[in-house]
Structures are given as C-alpha cells and as structure tokens.
Novice: 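First, the structure itself, so that you have it in front of you.
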Number of protein chains: 2
Amino acid sequence: MGSVIGTTTSVAVDLVIFTVRDGLLQVLLVRRDPPPFAGTWALPGGPVGPRETLETAARRELGEKTGLDDVYLEQLYTFGDPDRDPRGRTVTVAYYALIQSGRVRADESVSWFPAARPPRLAFDHAKILGTGVRRLRAKLEYTTVGFQLLPPKFTLTDLQNLYETILGKRLDKRNFRKKVLSLNLLRPHREKRAEGAHRPAQLYSFKLGKMMVLEGQIV
Amino acid sequence: MGSVIGTTTSVAVDLVIFTVRDGLLQVLLVRRDPPPFAGTWALPGGPVGPRETLETAARRELGEKTGLDDVYLEQLYTFGDPDRDPRGRTVTVAYYALIQSGRVRADESVSWFPAARPPRLAFDHAKILGTGVRRLRAKLEYTTVGFQLLPPKFTLTDLQNLYETILGKRLDKRNFRKKVLSLNLLRPHREKRAEGAHRPAQLYSFKLGKMMVLEGQIV
DNA sequence: TCAAAAGTGTTAAACGTACACCCATGA
DNA sequence: TCATGGGTGTACGTTTAACACTTTTGA
C-alpha cells in the first residue's frame, strides 16, 4: 500500500510461444546476446513500458519476434522469486501464445525447439515453459484453444494429430471425429485436400474466431 | 531484458480472501486509511518486500490481516494497467485464499462482505474480486478446493450448502451425496452432530490435506 | 492391383439425472 | 405427535469406449 523506497523492481513480460511442427509441440526461443546467460536460449521477453498494459507489452514483444499480431495470447503466471535474475529484482508476467506453424521465419537467433526437450534455458525459463505446457494441456481438453494452432483450413486428421501430439496419447479416430463434429464448431469446405496416393481429405475451418470454453471435454 | 531506467514500478500483492458465511460467499475487506480512496474498502494487500517471493508476500499479508498461516492460497492473476493506481505505476499480483468462516475476527476496519454485492472498492479491486469469484466457481467443479472452506468436521449437508452457495444453483441431495461419497475423499467420524429437533447428521472430514484436481466433475 | 490414408456404425458399460419417501430427534 | 432436517434407491436416457472394414486415390 505504501511505496517501496530504496528498492528497484523491474517488471517484464516473457512469452511462451507454442506451435505444432513435425509432430511435436514446439516453443519459440531467442538466443541471448548480452550477459547474463549470454549465448544461451531464452523465452522472448522484455521490460514493460511505462505506459503499457501488461498485455500490450506482451503483444508488442510477440510482434517484434514473430511479426504477427492476430495471435491467441493469454496470461499464464507471474514469477517473482527475488533471485531469479542476477541483475536485480525482476518480476515477470508470463504469457503464452499459440501460432500456426509456418507463420514465423526462424533464423540464427530465433528458433523453434521441442517443448518437451528444450536446450538449457536462461533464468527460470525452464520452469515458466513447464508451467506453459501444463496449462496448454489442461486447456486443450475443455476449450477450443487447440484450433488456434491450425491454419485456416485443416482436416480432421490434422486436428487429431494435434491433440495426440500435445496430449501425448493416441485417440480413437471414430470417437474423436464423432465428438468433434457433434460440437458444431467446424464448417466443411467445398474443397478437399489431395496429397499422396490415397483418398483426399475433407477440409474444415473453425467457425468461431475466438477461443471458447466447452461444457464437457473434447477428449 | 534491459533495465527500465527512469521508471518506477511498484510491485504489490492483493488478496481475495473468501469464506462462506450465512449462506453467502463472502470476501474479507479492509478499510483504507490513507489516500487515495481513504475511507473506502479495499482488498488486503501491500508491497512485496525486497527479499520476498510473491507467495511469501501474500502469506505475510494474509497472516497480518487474519492471523492465520495454514490457509489455501493460490495465485489468481496479475493486474498492471498503467493507471490503476493514481500514485504511480503499480503492478499487483492477486492471490486468492479460502478460509473457514469463524477463524477470523472482524472489526471496524477488517470485515466480511458478500462477494456478489461488495461495497464500492478502491482501485481496480472490483475487477480483481470478479476474477476471483469466476476462478473459484470454475475450480469448485473439478477440484477439491471447496473443502478448504469447511471446518475439519462437517456434514454432507454443510458441503452441499457450500456448493449451492458458491455456484448459485440447487443440487439434488441424493445425486450429490452419491457422487461425493463415490470419490472416496471423505472419512466418516464416530460422532454425529445433533442440532435441533431432528435426526443428527453424520460428521465427515476431508481425507487429504491438499487440494486435488479430479478426473471428472463433482457437479 | 497395391499401398496409403480417409471415412464410417454398433454395442455394452458407465454415468448423469430425475424423482419421493422413511428415519431419528427434540420440542 | 409433530415438525424438522437426515438419509436412502431405482429407472431411464445419455455419453463414453471399444472395436474393423470399406472407400478413394496415385503410383
């Protein structure tokens, strides 16, 4: 309630940016240039500007690292252990974002890594990442967040692969399709996707722009 | 990633302390003495000390206001709009706590209010409280947090009243009992509670000390 | 014609939901 | 004996879970 005299606390945002690529849940990391942890990988993030809301700061960081602005973003958790940053007290508000694979161009200093086996991470970012993975798994089961990881048009097999990848378990094809279609969240397209020597797959898109909390579970 | 030069940001914790009393979900508020918002009610809270973790700061505040230390406490959300505190930029990490009614002595400056109809609150505390109520409702349905609001020994009617109060809907007595008992979370006691001109009620206690996430829904 | 992924139904078990009466007690 | 809240079971509909074959295509 009073002010904290003589103490400097920095407030930052950090981002856990997820995608699904190559059958793996992956996370976008940046290579740190300055010390501490120079040369190691870290979650994208940075200080909150004096006139920014926390979410604005998170969206700005996201835009700077990915060039994207129409992305699902949600506050994850706030980390503030006094020794988490050797430079001084820093409280970081972590957000997580879900983007469609292929919308971000990786390079030397910005790259995708498997979320389950990341490289050694700076600060307490391994802990933040773990919190993000658990949250995503939990939300996948009772919301439509998963759809944010797919391109505008996708097949039911794409969707099932996504769920199997993130949850780390196999699902029954017939039951999965029955359940997903019964939710009435998907609009079939005229076109089908033919790729390879087999029957072409029906393309669908997600009817709603926004994430939705479901009554029951998807899986 | 760099430090924020020339900007002072304070970091605070605020507490949404819930109980159930008189058939209502209630929240503990403190009367503010200093400006701004002098004389209005506010969530208990205060600055995070230089060597404290966020949770330690929250527990300290909780102890100062209630005298209790063995309380369910969970991080809720972080609020950081630049103008939320007229004195200057303050980011507040909100926690919510669940305590058993009757363990806190209210007085002139610390008092319980119905969470659904609080008095006018300082800062953005009405928004924080709303976030807390929604989170508690959501968690009640798929975890055992609700048990934290009951004394060590309680009856199934106590438990059902608690659920009905927080969720704001009536539940079927037989179905509720069947479901709760099938979870095997309760230990019956030898004693019963006789109060009034009717059959005495079986007392139970919660087997686990900790909150638990359930497979399905309680209600 | 073969290989590969898409697509499709049925059945049994579990679970959720609706519903009404007897029990034990103190006044 | 009455009023009060405690305590119990069943039947039906819905949901979940397990399970295998046919279709369409390109090579």
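What you see is a predicted model, and the numbers here were worked out from it, not measured in a lab. First the proteins, then the strands, lettered A, B, ... as listed; each starts at 1.
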Novice: What's the NZ-P distance between B:Lys192 and D:dG5, to the nearest Å?
Specialist: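 Those two atoms, NZ and P, are 18 Å apart.
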Novice: Suppose we screen for salt bridge (charged side-chain N to carboxylate O under 4.0 Å, His left out). Which residues come up paired with B:Asp70, at least two apart in sequence or across chains?
Specialist: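 Counting only residues at least two positions away or on another chain, B:Asp70 forms a salt bridge (charged side-chain N to carboxylate O under 4.0 Å, His left out) with B:Arg103.
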Novice: Can you tell me how far P of C:dG7 sits from CG of A:Leu159, to the nearest Å?
Specialist: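 To the nearest whole Å, that distance equals 13 Å.
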Novice: Any salt bridge linking B:Glu164 with B:Lys169? Criterion: basic side-chain nitrogen under 4.0 Å from a carboxylate oxygen.
Specialist: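 Here B:Glu164 does not pair with B:Lys169 in a salt bridge, since their nearest N and O are not under 4.0 Å apart.
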Novice: Can you measure from CD1 (B:Ile99) to CG (B:Leu28) and round to the nearest 0.5 angstrom?
Specialist: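 Result: 6.5 Å between the selected atoms.
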Novice: Rounded to whole angstrom units, what separation is found between the CZ atom of B:Arg199 and the P atom of C:dT25?
Specialist: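 It is 8 Å, rounded to the nearest whole Å.
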Novice: Between residues 172-182 of chain A and DNA chain D, which residues have a heavy-atom gap below 4.0 Å?
Specialist: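 Correct list: A:Asp172, A:Arg174, A:Asn175, A:Lys178, A:Lys179.
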Novice: Could you tell me whether A:Arg137 and A:Glu141 make a salt bridge, using a distance below 4.0 angstrom between a side-chain N and a carboxylate O?
Specialist: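 No, A:Arg137 and A:Glu141 are not salt-bridged.
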Novice: Test side chain to side chain donor-acceptor pair (under 3.5 Å) on A:Thr53 and B:Asp81 and set out the steps.
Specialist: CA-CA 5 Å; A:Thr53 66; B:Asp81 281 6; 4.8 Å; no
Novice: Among residues 139-150 of chain B, which ones have heavy-atom contacts with DNA chain D below 4.0 Å?
Specialist: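 Under 4.0 Å from DNA chain D: no residue of residues 139-150 of chain B.
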Novice: Please classify the nucleic acid contact of A:Thr155 as base, sugar-phosphate, or nothing, using heavy-atom distances under 4.0 Å.
Specialist: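 The residue A:Thr155 makes no contact with any strand.
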Novice: With the threshold set at 4.0 Å, does a side-chain nitrogen-carboxylate oxygen contact exist between A:Arg31 and A:Glu108?
Specialist: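 A:Glu108 and A:Arg31: not salt-bridged.
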Novice: Can you measure B:Leu171 atom CG to C:dG16 atom P for me and round it to whole angstrom units?
Specialist: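 My rounded result for the distance is 13 Å.
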Novice: Is the shortest side-chain N to carboxylate O distance from A:Arg193 to A:Asp158 below 4.0 Å?
Specialist: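 Here A:Arg193 pairs with A:Asp158 in a salt bridge, since their nearest N and O are under 4.0 Å apart.
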Novice: Check the distance between D:dT16's P and A:Ile218's CD1 and give it to me in whole angstrom.
Specialist: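 Rounded to whole Å, this separation is 12 Å.
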Novice: Quick one: sort the A:Phe147 and A:Phe154 rings into parallel, tilted or perpendicular, breaks at 30° and 60°.
Specialist: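 Plane angle between 30° and 60°, so tilted.
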Novice: Rounded to whole angstroms, how far apart are CG on A:Asn161 and C1' on C:dA5?
Specialist: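 From A:Asn161 CG to C:dA5 C1': 11 Å.
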